[in-house]
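Everything below concerns the one structure shown next.
Proteins get letters first, then strands, A, B, ... in listed order; numbering begins at 1 in each.
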Amino acid sequence: MQFRLVRYFTLASLGMFGLVALSLIYFEHLQGQFFKQTSDEQGTFFSEVQQSFAKQQDESARRDLLSIHEAGNVNLTRLFANALWEKDFAPFVASVQAIDVQTCRAIADITDDKGKKVAPPEKKACFTDVGNRIMALPAFKGLDAKVFDSMKKSTVFKIKVFDLRGITVYSSEHAQIGEDKSANEGWRSAALDGVPKSELTHRGKFSAFEGVVENRDLIGSYLPVLEPGSSRIVGVFEVYSDVTPFLKQIQQTSEQIKLTAVENQRKLEEAATTNQTAVDATSYRQLATIAGLLALLFAALLVIVRRAEKVIQQQEKDRAHAHQQLAQSEKMASLGQMVAGVAHQLNTPLAFSQNNVLMVKDALQSMELPMKVASRLSTILEDVDGDKVTLKVSQLKANLEKLQDGNVDVSMLQAMLADVLEGIEQMTEMVVNLRDFTRLDRAAVANADLNKSLHTVAYIAKTVLPKNIELIEEFAQLPDVECNPSQLNQVFLNLINNAAQAMDGPGKITVRTATDGDRVRIEVQDNGHGIPDDVLPHIFDLYYTTKPTGEGTGLGLPIAKDIITQHGGEIQVSTRIGVGTTFTVLLPVRQQALSALAA
Amino acid sequence: MAKKGGKVLCVDDEPSIVRSLQWLLQKQFEVVTATSGAEAIELVKQHDFDVVISDQRMPMMTGVEVLREVRRLSPRTMRILLTGYSDMQAIVRSVNESEVFRFINKPWNIAELPKVVDQAINIARTQPVEDTAADVTEDAPLVANGERILVIDDDPDMGRAVADIVGTSAKVSYTRNLADAVGILNSEPVSVIVSETRVGSIDATRLVRLMKSKHPEIVTVMLTGESDADTITTLINQGQIYRFVPKPIRSGYLKLVLHSALRKHNALTGDPGLAFRHAVENTASGTVDSLMSDVERAATLSETAIASKGAGFMATLGAGFRRLFGS
């Protein structure tokens, strides 16, 4: 499985940066909201404070106005009472007492639509009648004139006078004379408790001394009238004084304050908005800066990671290349070793064959003359009819030595040539085995008789192995195995060579075959020194070797394992120190996928 | 049939080989064959052989082991090693342990082999045998009487190492230059040459081979970092090198080698006949000339103090070569 560094890094870091950005945005948002909320609350609070301040100011101004006017009215009433009560009002009130009001009061109140008890019209008419009777009194006209005269050009708009029964004895507004105010709270406070009571009211229309006025703010005060020289309440004044200008002033001030408050509020809100905008802007700037930094970080890391991946890829490529080269050199080394062994093996039959052929050739050379002589003799003998032949030996004697030279033991020559034939046979066997081993002229994948393959491998191995190592073949009947025989030969040769290297002196290597279910089992067993515990876990590791640097590539067993794995087989090892090692190869008889082996 | 000219034992695990050798040699010599080392040792114990020819690659016992045993059992027997392909380690051991007379490669030359055997038999029969001295240990002091040892090597440490070992008991001349070596060989009697196979860029083995052919009493010890089987085969056949010491060198081993080399030299000078036991093959013609031209060229190129001596030096060098190796 390939690890895609750049892709994984990009996905992971972008995801992570996204999360960081989201959480940052979230927290910034929370912060902004909190700020907005705080500033809203502040605004509300400030506005409430201002409103309450304005209201208090307004209220206190009105209260002050009321109490100032009440005090003024009290004084006015005193003056008025002192001036008019004793001489004018006291006798007038006394005369009014003669008029009966009980009959009017006896008329029952009715309940109006709103459930409020009001006086029925006949009751009002009754009291109006009482008023008419008062106004009919002879002292009325003079009193009325006096009151009007003294109150003219003052801020007092109306004066009413009540007797202790609560009947309006006098009113500058004549229509109101005779009205019963006994239920009025102001009257009760003044008449029964002696406490003045004032009220600020707005009147759309008001009958003042100098005619009807409109839209006026008035303070009406019920004031007890004390008998001069005593504290006995003898009547109640109701004085209406005009405070419209004052109230207007107060209202203007209030208005002013309200305006200021609104202005302040607006300013505050403006400031809050500005702040909010600033905060938002800062927040955006922060986010943008962090996003920028994150992007920069990502870019830098990406560059580093890409560089790293490139380096890793290059290293991987170099490693693969080096591996390939090593595998090649491993192959060449074992090939070289094999060639050296084969050369030596061929050398022996070559040596004695050459020797024998040359000797036979020399012998034949020396036989030439005797053969000629014999041939000549036979020709002569053919032509002879009788029993005897006479030879002139003088000529022959000179060449006798040469003839004796030709006295070669023919059976020896035959033995020599028999050895040559045997040598040729050995060389042929070698060539056949070499061809079987390499299988260059055969299909890569075949149904092979592994016993035959192993015999070939053993034959080749023997050429390289020291002669004091015995190679024993113990083969059982095997089914043909679907495999790449050339690759398997490489594996078996490697295992046998390893076994040989596990021995210092004489030793024994046994190559064994057996069937194992639907698999075949090939064992290469040696009685060498065994594999130490610290080496055993690494024997199939790439580049692991116990040989000195330059001698072993550490590729033999890993390649063997590769080949066996490609065949769907297994390679196992069992070893005992000082006793020996057995490598076991298990191969399936049939392959699942043949294509993998064709390489 | 006339009495045959010597008793030869041929050893090879391949019966066809020993049969061939027997057929080849039986006309001239009395030939006995063996197909294993053990059998050969038994035969050597029972018979007195002039020559033993053994194959190197045999089961149970290698040729070197067989010949070492033969040397121990019968020092006068000349030993010849037969090899198919050259195994470096085997060759080094054959020099140092078995002191073989010749290497013969398979396939052999059927005209030459009988001559080599004949020569060996002649030496075995006519030349006296040196005493087999008791083995010495590395701790034993070096015995020497002021002999001269010539060290030829690029590495000055080598000269120092030899000087340290011999101390004052022998004289050591060190040079990294073959021209100097020729000068020293001309002016002083040298007993032992310790030489690297290559000095600078020049193959120094030619000097050693030539020296041995003209002055067989000089004992040669070869040092080498690289191992080239052919070089050593040639050295043993043409230079009869006494010992072969692969680098890196253990000083204890070098001391042993020097000790026995000096003893060997004394034996050779004490009885000049012994030297025939180390007779060499003829070196290829022209070796002197090629060596001389190489040395002269190197001397010219190297701009050394020697080279600066000018034309007079060249004349001296040429004269030195002629005196050493004859014309």
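For chain B, no part of Glu470(A) is nearby; none of its heavy atoms comes within less than 4.5 Å. Contacts between Leu465(A) and chain B at a heavy-atom distance below 4.5 Å involve the backbone alone (N, CA, C, O).
Looking at Asn451(A), its side chain does come within 3.5 Å of a backbone N or O of Ala476(A) through a donor-acceptor pair. Judged by distance alone, with hydrogens and angles left aside, the side-chain atoms of Arg576(A) form no donor-acceptor pair with the main-chain N or O of His529(A) at under 3.5 Å. Judged by distance alone, with hydrogens and angles left aside, the side-chain atoms of Asn433(A) form a donor-acceptor pair with the main-chain N or O of Glu429(A) at under 3.5 Å. Checking side-chain atoms of Thr428(A) against main-chain N and O of Ile424(A) turns up a donor-acceptor pair under 3.5 Å. A donor-acceptor pair is defined here as one N or O able to donate and one able to accept, closer than 3.5 Å; such a pair exists between the side chain of Gln56(B) and the backbone of Val64(B). A donor-acceptor pair under 3.5 Å is formed between the side chain of Asn489(A) and the backbone N or O of Phe437(A). Side-chain atoms of Thr463(A) do not come within 3.5 Å of backbone N or O of Tyr459(A) as any donor-acceptor pair.
Counting heavy atoms of neighbouring residues, nucleotides and ligands inside a 6.0 Å radius, atom CD of Glu473(A) exceeds 12 of them.
Of the residues considered (Pro466(A), Ala415(A), Pro349(A)), Ala415(A) shows the highest number of contacts with chain B, using heavy-atom pairs under 4.5 Å. Looking only at heavy-atom pairs under 4.5 Å with chain B, the residue among Asp419(A), Leu358(A), Asn468(A) that has the most is Asp419(A).
Listed in order of number, the residues of residues 8-23 of chain B that approach chain A to under 4.5 Å between heavy atoms are Asp13(B), Glu14(B), Ser16(B), Ile17(B), Arg19(B), Ser20(B), Trp23(B).
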